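Remarks on the structure that follows.
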Amino acid sequence: MSQLQAFLNVLQPNEINKLKKVRLIGKEKRVFDFIYSYRYKELPDVEMICDEIGITTTHFYKICSVLMDKFYEELIPGRGYNLLFYLNRKDLYSHFTHEMLMQEKELLKSGASKSEIELFYSRCFELLQRVSAKNLDEDLILSYGEKYLKSKNNKIEHDEYFVRNSYLATKLYLLKATRKDIETSKEIFEELTKTEAVLANSKNIKAKFQLNKAMSVYYNHSTGEPQKVIQYLNQNLKLIEANKAEFGEEELALTKCKIAEMYYMDSDFDKSFSEYFTNFNLYREVLLNDFYHHAKFAQVALIVGKYDFAKEIIENRFNIFIESKQPGTGTMGSLLFAKYYLLTGEHATANKYIQQAKKLISKSFYIQYEFETRILENIYFILRDDVKQAKSLLKKNIKFMNSKGFNMKNSEMIYVFVLLQEILKPDFAERRLNLRLQSKYDLLNKSYAAVYGKLLRIVMDSVKNESNLVTA
């Protein structure tokens, strides 16, 4: 896939319409039309494209570069930070890093002021931490953190903690995404606890902000304590309120959305939906391309039964990435659609999205996607009344979960497999869950995985209804 094709694949219809109005000369229009005709499809070899259009490979790459420049300027006039932010939010990592390096080179060559260089490195450092988990590059993040510190004009005490705490927050998130090295998480927490004592009376607002952020990530991903997370995030809201000149609207919006997410993690689903609804209305433009919180908002909407609302979010935010087969956001969207269609009884359509997610998982990074796809496929086969296939998958899936270190003590997700195992027993239609499994089912409905509690209820009702039909 070429850079130009990857870019076109993730654009919304209104953005494509803008590009179609850009004045193209010579072979530019031929190249654009050809690549656009392969949107969401595998692009032929460059040699074949060049033969078709009648140009050399060197000329082709030159035209693609010119087109990218024209399209960037059309969509984000002036480029600069706004373009970096745009590419970052579109999950176009290679485009983002390429543009970042180009802008850095031009900035240093142009004789920019020290304050401009400092601002550039500060922004790059922050954006590098906001890429999808599969693209997080620890070395690159640290290198730009060091560049920021070196370029900082008005150094104050504890500046180094701003970079260190930011990096540790990212490291904790990465450890959660990969389920690797739990001991490292504990070591990071010990370091953060010592830093908390050091910064207790510090005047370095940014260092304190990143410390609270890192602590919130630890309590969210490593120990699962939503109220502790909210405590640290509320401290950051106070810092933002008292130091508005230090923070942009984006930090405020993301902090509030994180609190909304914690209400979801703490099973206060109505509160979470209300908070998300308010935040997305207040900070619509800032959150427009924040797919993580759009996904959480859609998930909460499914849990509280606002199915049409959830579908609208998924369609508007994720369709482009599903169609263009993006490993991260495309998988996320496919899983959301699969849940929506299973909940609304359109099983065949749900399976289409389950299979799409399966294709993308091998290119994905977040192990949670693997678990969810396996659960949803199991549920699909039960609802399709293919008990033999469902049992075969269930055995493999439980073995897979155990091999990844998941069990009844550390994951609500495995509850789903255990409950499905019970539901598939021949006599289940004639009885209820035993007390132990009923308690697990109740816990599931009060956890972040509550959407699976809803799906299990549909499965149980389906099994019992099927038994009644056979009896009749």
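From a predicted model like this one, the values you see are computed outputs, not experimental measurements.
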Do [X] and [Y] have ring centres separated by under 6.0 Å?
X	Y	value
Y173	H221	yes
F120	Y148	no
F96	Y86	no
F309	F297	yes
F7	Y72	yes
Y441	Y415	no

* By salt bridge (charged side-chain N to carboxylate O under 4.0 Å, His left out), which residues pair with K244, not counting sequence neighbours? ->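 Checked K244 against salt bridge (charged side-chain N to carboxylate O under 4.0 Å, His left out); matches are E241.
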* Asked: Do Y167 and E138 have a side chain donor and acceptor closer than 3.5 Å?
  ->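 Short answer, yes.
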Ion pair present between [X] and [Y], side-chain N to carboxylate O less than 4.0 angstrom?
X	Y	result
E323	R39	no
K256	E275	no
E377	K358	yes
E370	R374	yes
K258	E261	yes
E422	K440	no
R164	E160	no

Whether [X] and [Y] hold their rings parallel, tilted or perpendicular, with breakpoints at 30° and 60°:
X	Y	result
Y219	Y232	parallel
F337	Y340	perpendicular
Y264	F269	tilted

* Determine, step by step, whether H293 and Y276 satisfy the ring pair (Phe, Tyr, Trp, His ring centres under 6.0 Å) criterion, reporting the C-alpha distance in whole Å, the side-chain angles of both residues, the deciding distance to 0.1 Å, and the verdict. => CA-CA 8 Å; H293 284 296; Y276 265 132; 5.8 Å; yes
* Asked: What residue pairs, at least two apart or across chains, pass salt bridge (charged side-chain N to carboxylate O under 4.0 Å, His left out) with a residue in residues 281-302?
  ->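 Non-adjacent pairs meeting salt bridge (charged side-chain N to carboxylate O under 4.0 Å, His left out): R89-D290.
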* Asked: What residue pairs, at least two apart or across chains, pass salt bridge (charged side-chain N to carboxylate O under 4.0 Å, His left out) with a residue in residues 115-126?
  ->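 Sorted pair list comes back empty.
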